[in-house]
Amino acid sequence: CHADQRDAAEVATMAAFEMAERVNGCASDYLPESELSQLAGARVGEPVTLTPLLFELLEHSQVLAEKTGGAFDPSLGPLTRLWRETRASARLPDVAVLRDARFAAGWRHFTLDPTTRSVTLHREKMSFDLGAVAKGYAADLMLESLASAGFRQSMIAAGGDIRLGDPPPEREGWRVAVQTFDLARSDEVLVLSNAAVSTSGDLHQSVEIDGVKYSHILDPATGLGLTRRIAATVIASEAKISDPLATVACVLGLEADKFLKKLPGVREVKIRVVEDLQ
Ligand code: AMP
Ligand code: MG
C-alpha cells in the first residue's frame, strides 16, 4: 500500500486484514464454528437465515456454478473432505464412500431465497467448500476497504489470488510474476492495475498414488482430484471472478479459454499444461 503517511496506512491495512478475518470466520470450512461449517448440520427442507456476507457469497457461487455448468461447485464439501483424507492416507476412497459423497454434493441441491436471506438444503449430508472463491472475495473486500480509506495504490496478495488497485507511484502497473508448475521460475511477468489475477493448479497441493498425481482441484464429474497436469491464470476485473474461474479453467481443460473469456468481468485466460514447459 503506497501512502504518504505510514501511520494512517497501517491503520487502514489493519482494517483490511480484519475484513479478511470476517470472511474467514464466516466462510471457512476448516473452522468447525464458522457459519458455513454450521450449515452442514441444517435439516433438509428447512430454510436457514444467513448473514448478508455468507448469503452474498453463496449467491455469487450459485451463479458461477450455473454459468460454468457445475465445473465450479460450491457444494463439493463431502468430496473435499474425502480428498483431505486421501492426501493424509495416500489411498483413494472406497467406491461406496465416494458414491455417497458424490450423491451429497451438487449445486442444484440447495436453494437461496433473497427475500428471507436464507438457504435451504435438499439433500442429507450436504456441506459447502468455498475454497475456490472466498479468498478472491476477501481480497476484493480488502482492496475496497483500503480504497475507501483513501489508499488506492494498493495490492492484496492472497496466495494465488492477487487484487490490484491503482498503479504504484510513477509506474504503469503492478508487476505480477506468474508461477505454474515450478516454484523456481516464473512463466511470465504481468503488469496490471485495477484488476485481479488468479492462478490455479497443482503446484502447492497434490497427492501421488501409484504414480498418479491428484490435484486438490476436483473434477465434479468424478469426485476425485484432477490427474491432468494443468494450470490456469485468469485476469479479471475482480478476484471473486478470477479466483473461481482459474479453478474452472483447470477442470474444463485447454479449450475452455474461449468460453471463459466471454464471461462478464473476464479479461484474459491462459491455460497451460505441463508439456508447455518442455
Ligand atoms: P483454488 O486454489 O482457487 O484453485 O481452489 C481450490 C480449492 O477449491 C480446493 O482446495 C477445494 O477446496 C475447492 N475446490 C476444488 N475443486 C473445486 C471445484 N471444481 N469447484 C469448486 N471448488 C473446488
Ligand atoms: Mg481459485
Side-chain angles (χ1 to χ4, degrees), residues 23-24 27-31 34 36-37 40 57-58 60-88 98 101-102 104-110 126-140 156-163 178-181 196-207 213-236 238-253 256 260 263 265-266 269-272:
V23 177
N24 192 49
S28 168
D29 69 318
Y30 284 92
L31 301 174
S34 76
L36 188 87
S37 298
L57 242 173
L58 282 180
H60 176 62
S61 299
Q62 202 182 40
V63 170
L64 282 168
E66 191 165 6
K67 282 191 176 146
T68 63
F72 168 83
D73 189 333
S75 64
L76 296 182
L79 292 164
T80 42
R81 209 133 301 137
L82 279 188
W83 190 88
R84 286 172 199 161
E85 285 171 22
T86 300
R87 181 177 53 183
L98 179 62
R102 286 184 63 194
W107 62 279
R108 287 193 176 88
H109 308 321
F110 70 95
M126 279 190 83
S127 63
F128 295 91
D129 170 6
L130 300 178
V133 63
K135 195 143 58 77
Y137 185 84
D140 287 339
I156 312 295
D161 305 296
I162 296 175
R163 180 73 168 97
V178 177
Q179 288 181 323
T180 52
F181 302 109
V197 51
S198 297
T199 298
S200 282
D202 62 4
L203 183 58
H204 296 284
Q205 289 201 61
S206 65
V207 58
K213 202 170 172 185
Y214 294 85
S215 161
H216 70 131
I217 297 173
L218 303 180
D219 184 350
T222 63
L224 295 173
L226 298 182
T227 51
R228 121 173 55 98
R229 300 295 315 279
I230 192 164
T233 300
V234 173
I235 303 171
E238 292 173 287
K240 69 177 181 188
I241 298 170
S242 60
D243 180 3
L245 294 188
T247 314
V248 164
C250 295
V251 174
L252 294 180
L260 293 173
L263 296 181
V266 177
V269 178
K270 298 163 192 247
I271 307 177
R272 296 177 175 94

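Order of listing sets the numbers, starting from 1, for every ligand and every atom in it. Quantities reported herein were computed from a predicted structural model and do not represent experimental measurements. Computed over heavy atoms, backbone and side chain alike; hydrogens, waters and symmetry mates excluded.
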Checklist entry - Which one of Asp161, Leu76, Leu64 has a non-hydrogen atom at the shortest distance from atom 17 (C) of ligand 1? => result Leu76
Item to check | Whether Ser206 side chain and Lys213 backbone form a donor-acceptor pair below 3.5 Å | outcome: no
Item to check | With Lys135 via side-chain hydrogen bond (donor to acceptor under 3.5 Å, both in side chains) - residues at least two apart | outcome: Asp161
Item to check | Proximal ligand 1 atoms for Pro220, defined as those under 4.0 Å from one of its heavy atoms | outcome: 19 (N)
Checklist entry - Name of the Asp243 N, O or S atom nearest the Mg ion (ligand 2)? => result OD1
Item to check | Trp107 backbone acceptor or donor facing Asp73 side chain under 3.5 Å | outcome: yes
Next on the checklist: Testing His60, Gln62, Glu66 one by one against Leu64 for a side-chain contact (heavy atoms from CB on, under 4.5 Å), which residue passes?
Outcome noted: His60
Checklist entry - Got a donor-acceptor contact below 3.5 angstrom from the Ser37 side chain to the Leu31 backbone? => result yes
Checklist entry - Given Asp129, Leu79, Leu226, which one has a non-hydrogen atom that is nearest to atom 13 (C) of ligand 1? => result Asp129
Checklist entry - Does Ala221 offer a backbone N or O that forms a donor-acceptor pair with the side chain of Arg102 under 3.5 Å? => result yes
Checklist entry - Does an N or O from His216, backbone or side chain, lie closer than 3.5 Å to an N or O of ligand 1? => result yes
Checklist outcome for this item: the protein heavy atom lying closest to atom 20 (N) of ligand 1 turns out to be Asp73 N, 3.0 Å
Next on the checklist: Can a donor-acceptor pair be found, under 3.5 Å and without considering hydrogens, that links the side chain of Trp83 to the backbone of Ser215?
Outcome noted: yes
Checklist entry - Which ligand 1 atoms, with their elements, are less than 4.0 angstrom from a heavy-atom of Asp243? => result 3 (O)
Next on the checklist: Using a 4.0 Å cutoff against the non-hydrogen atoms of Ser200, which atoms of ligand 1 qualify?
Outcome noted: 1 (P), 3 (O), 4 (O)
Item to check | Donor-acceptor under 3.5 Å (Ser75 side chain, Gly106 main chain) | outcome: yes
Checklist entry - Given Ala105, Ala132, Gly70, which one has a non-hydrogen atom that is nearest to atom 22 (N) of ligand 1? => result Ala132
Checklist entry - For Thr68, what residues pass the side-chain hydrogen bond (donor to acceptor under 3.5 Å, both in side chains) criterion, not counting sequence neighbours? => result none
Checklist outcome for this item: Note: Leu218, heavy atoms under 4.0 Å from ligand 1, region reported as both
Item to check | Side chain, backbone, both or neither: Ala71 near ligand 1, heavy atoms under 4.0 Å | outcome: backbone
Next on the checklist: Closer than 4.0 Å to some heavy atom of Thr247 - which atoms of ligand 1 meet that?
Outcome noted: 1 (P), 3 (O), 4 (O), 5 (O)
Item to check | Thr80: numbered ligand 1 atoms lying under 4.0 Å from its heavy atoms | outcome: 11 (C), 12 (O)
